[in-house]
Amino acid sequence: MDRDLMRLMRSVKHPSHLKQIHALVIAAFPSLASFLVRRLLSVPMVDYAREVFDRIPQPEQSLSNSLISVYSRLSSHEEAIEAFRSMIRNGVCIDSYTVPPIVKSCLSAADFDLGKQVHCLAISCGLDTDVFVQTALMNFYSRGGELASAERIFEKMDTKDPVAYNCLISAYSKSGDVLAARKMFDEMPEKSTASWNSLISCCARNGDYRGALRFFERMKDDKCTPNEITLASVLSICAKLGDLNAGLSAKKFIDGNNLYRNTILSTAVVEMYLKCGAVGEARREFDKMKKRDVVTWSAMIAGYAQNGRPDEALELFENMKNENIKPNDVALVSVLSVCADSGSVKACEEIGCYVESQGMASNVFVASALLDMYSKCGNISKSRQIFLNMPKKDTVTWNSMIVGLAMNGLSEDAFAVYKQMIETGGQPNDITFIGLLTACSHAGLVEMGLEIFRHMKIDHEIVPQIEHYACIVDLYCRSGRLKDAYDFICRMEVEPNAVIWSSLLSASRIHMNIEFAELSVKKLAKLDPDSSWYYVLLSNIYSSTGHWKEALNVQKMMKGKKVQKVAAYSWVDVDNKLHRFLVGDTSHPRNTEVYGTVNGLAMQSTWVDHDFDSGLGL
DNA sequence: TTAGGGTTAG
């Protein structure tokens, strides 16, 4: 009868039949409980298996191992840990099968103390010479950032498992030690596909994309077969390089070798197209995919956003929700950024409500994007409210608030937030200072801007980027100090770009400075030959100052070069309707009122021409 | 053991 029942347990097709068999086991065959637990775990009906398990008076070691192993495989790490603790409490010995899953769960649950205790226990039980135990512990230490412990175990291994080599390569790679990773790879007696993959991702992780692609070629020369993981890495490298040719040849390899396109690999193809600017191709691949997960959707949405196609990004976000894929923080961050740039107050408010309804507003990434979005559509008080309610703030959070305040003309508040950032141990970066310099620029605080620029270089050791230089040039220009701006440009440690010369040109127009205008246009014509706006501006400056002949010459030259004036529209959102207008446009039915308001605003604005003490204590 | 998506500026 025992045997019949066991055969039955093996053969049942439907999980619920196991429950019926359970009744029989309890009633007549308690000795078969362990066998039933194993069957339940293999289905898996883990909770049910656990109930049966808990009623077994003295579960054998291998059964406890199976339970821990299943919990660990299903990412129920807390349960695995709990099961392990009760195993120890009940005096059950551990063996070499207990260690790998429990150590894996300790790592995933970030319970490093318990992981180390398991290691001690393994040593006291004499398991530390078992190759599976060693590999599991190496993995635990290298992923947990304790490279030295991992190295010690590796040194002690009698037979160095290939997996252990790969584990160390990956650990060195994560710690940025490319040389050590490379040495490990060279020392390996047998290189598997995974070894090559580790090496390729090591290069990629540390920024050597071309080196990674060279190893991909060498891998093929060595007759080592690339798999899906190799190609997913290679495609992601092509994406980062924006190298469409390399990306296409990787894709050809996938098709030519009939590699199975799992979701990750297909997403990598989509991503490669997106980062190379081939949005249409990306969408075609996306539409062809049979299964798309939240990463696929997020990548496509972000791709539209980054390629300047906000409407399609928002449309796709709706499709995503309709397909019952729950947007996570990454997807929301992209969508929030799209709304922030869309200029539509309605779209911003809708997504804002959605985010709050999903309980995602406390996520640090989402909240930062959310407060940025509100500040861009002018709702700075809402931004502040979100900012104040955030339990955790990262550099992006602080930056978003500083930049938001600066853009909304609240310079002093921006400085105050910076002060608070420093006091609470926040780490400012290059963008933080762009925000502060923008604040100075908007308030006309030249001396303070220069002081912040010095403070950034000296106290925070941040190397100024072209954007920082542009802020200073803008600062001088806005306060009419064109000569200072020009001298600063000449002293810059980087080559001035079109943005820099544009600032000087715009200021030259405001202050009718022909000398600097001509100079800037000469530079702009070289740096940005496809544009024409600077010729228009130069011609306007000539006409406004009575230099009719020069104005005519510029216009002639523009005709000769077939340079066309591109209409630059401005827009304003009133009651969720976008109104578009041109300079001097009178087509709007209420244009008289519009101009009346604009002129009224211009009368009200006053120029701050003195620096004030912000109390920043620089 | 090896693989994928995002925010702040310009």
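Letters A, B, ... are given to chains in the order of the sequence lines, protein chains preceding strands, and every chain is numbered from 1. In this text, all values refer to a predicted model and were calculated from it rather than measured experimentally. Only heavy atoms go into these numbers, but all of them, side chains included; no hydrogens, no water, no symmetry mates.
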Taking NZ, NE, NH1 and NH2 as the nitrogens, is one of them in D177(A) or R182(A) under 4.0 Å from a carboxylate oxygen of the other? no
Side chain of V396(A): nearest nucleotide among dA9(B), dT8(B), dG6(B)? dT8(B)
Out of dT8(B), dG10(B), dG5(B), minimum distance to the side chain of V295(A) belongs to dG5(B)
Out of dG4(B), dT1(B), dT7(B), whichever nucleotide has its closest atom nearest the side chain of I264(A): dG4(B)
Across the strands shown, which category fits A369(A) at heavy-atom distances under 4.0 angstrom: base, sugar-phosphate, nothing? nothing
From the options dT7(B), dG5(B), dG10(B), select the nucleotide whose nearest atom is closest to the side chain of S298(A). dG5(B)
Could you tabulate the donor-acceptor pairs under 3.5 Å formed by side-chain atoms of residues 384-392 of chain A, not counting sequence neighbours?
| residue | atom | partner | partner atom | Å |
| --- | --- | --- | --- | --- |
| R384(A) | NH2 | D413(A) | OD2 | 2.4 |
| N389(A) | ND2 | Q385(A) | O | 3.3 |

Give a yes/no on whether any side-chain N or O of R205(A) is located under 4.0 angstrom from OP1 or OP2 of dA3(B). yes
Within the 4.0 Å heavy-atom criterion, would you say R143(A) contacts the bases, only the backbone, or no part of the nucleic acid? sugar-phosphate
Residue list, ring pair (Phe, Tyr, Trp, His ring centres under 6.0 Å) with Y165(A), at least two apart or on another chain: F154(A)
What nucleotide among dT1(B), dA3(B), dT8(B) has an atom nearest to a side-chain atom of S400(A)? dT8(B)
Side chain of V499(A) (C-beta onward), nearest among dG10(B), dG5(B), dT2(B): dG10(B)
Under a 4.0 Å heavy-atom cutoff, the residues of residues 373-384 of chain A touching DNA chain B are K376(A)
Compare the minimum distances between each of dG5(B), dT1(B), dG6(B) and the side chain of A194(A), then state the nucleotide with the smallest one. dT1(B)
Check if the side chain of S334(A) and the base of dG6(B) share a donor-acceptor pair of N or O atoms closer than 3.5 Å. no
Side-chain atoms of I431(A) come closest, of dG6(B), dA9(B), dA3(B), to dA9(B)
Whole angstrom value for the distance that separates C1' of dG5(B) from CD of Q306(A): 9 Å
Without hydrogens or angle criteria, can the side chains of S72(A) and S69(A) be said to hold a donor-acceptor pair below 3.5 Å? no
What's the CD-P distance between E285(A) and dG5(B), to the nearest Å? 17 Å
With respect to the side chain of E467(A), which nucleotide from dG5(B), dA9(B), dG4(B) is positioned closest? dA9(B)
When you compare the side chains of N497(A) and D528(A), does any donor N or O come within less than 3.5 Å of an acceptor on the partner? no
